[in-house]
Amino acid sequence: MARNKGAKGQESRARLLAAAAEQFAGLGFYETKISSIVAQAGLTQPSFYLYFESKEAVFEELVGHFRSRLQELARSSRLEAGLQPGEVNARVLGVLETLFRFFTEDPHLTRIGLFQAPEAVSIKAELAALIRDNLLEEQRSGYFRSTLDMDVVAQCFVGTIERLTFAYLSEGSGSPEQLAAQVVELFMRGMLPGE
């Protein structure tokens, strides 16, 4: 019996988080009311307070979840040593597709964590630092030119990812695969016509 109660509690908490993410993404933090979160979740205000102390607490949990998942993705995206030259583009493409898919899996959470949260600037700075660290190691492995400033490259990647997520993914007008292919084409091959 306690097991069902626990499962039901987890389900209620998950419904509150999903409703809160949608409300915050659509209305912003200040315009979102606890009453609208619980109404969308099909629960009561007292049930909200069983799981969260305040509107701030649920918002912080959503941002924290986004931040930790993004950090995990960035840390796991480093190209391993020993790749053949032809494999590098394919691996970079796969990393970018995974990142763009993450942003489309929960567009409400992405809107909150990447654009709305007061911590959004620091989240993007952390992402740039993780990408830079990966790029420096990959540069040492010989995958990229030694003359490139990988801090600049990382900032370019983050700016590109942020803008494409806002302009295409959040509008539903591009797929992770299409966007990743364009980014790889630009960063790995450049804009000059082939020879």
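From a predicted model like this one, the values you see are computed outputs, not experimental measurements. Scope of the values below: all heavy atoms of this structure, side chains included, with no hydrogens, waters or symmetry mates. Residues: numbered from 1 along the sequence shown.
- Using a 4.0 Å cut-off between charged side-chain N and carboxylate O, Glu137 and Arg140 make a salt bridge.
- Shown here is Glu53, whose CD atom has no more than 12 heavy atoms of other residues, nucleotides or ligands within 6.0 Å.
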Throw together a table of side-chain donor-acceptor distances under 3.5 angstrom for residues 93-102, partners on residues two or more places apart or in other chains.
{"unit_1": "Thr98", "atom_1": "OG1", "unit_2": "Gly94", "atom_2": "O", "d": "2.9"}
{"unit_1": "Arg101", "atom_1": "NH1", "unit_2": "Glu177", "atom_2": "OE2", "d": "3.2"}

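- With hydrophobic clusters built from ILVMFWY side chains whose heavy atoms lie under 4.5 angstrom apart, Leu192 does not share a cluster with Phe144.
- Between Phe29 and Phe59, the ring planes are perpendicular. Angles over 60° get that label, and only those under 30° would be called parallel.
- Salt bridge Glu72/Arg75: absent, no basic N to carboxylate O contact under 4.0 Å.
- Residue Leu27 is not grouped with residue Leu114 when hydrophobic side chains (ILVMFWY) are merged at heavy-atom distances under 4.5 angstrom, including chains of intermediate members.
- Atom OH of Tyr51 has more than 12 heavy atoms from other residues, nucleotides or ligands within 6.0 Å.
- Heavy-atom contacts from other residues, nucleotides or ligands closer than 6.0 Å to CD of Glu31 number 12 or fewer.
- For the 3.5 Å distance criterion, the side chains of Ser173 and Glu171 fail to qualify, holding no donor opposite an acceptor.
- Going from atom CG of Leu127 over to atom CZ of Arg67 covers 11.0 Å, rounded to the nearest 0.5 Å.
- With respect to Lys124 and Glu162, a salt bridge is recorded, a charged nitrogen being found less than 4.0 Å from a carboxylate O.
- If you chain together hydrophobic residues whose side chains sit under 4.5 Å apart, Phe115 and Tyr30 fall into the same group.
- Atom NE2 of His65 is surrounded by 12 or fewer heavy atoms from other residues, nucleotides or ligands within 6.0 Å.
- In this structure, the separation between CG on Leu16 and CG on Leu43 is 5.0 Å, given to the nearest 0.5 Å.
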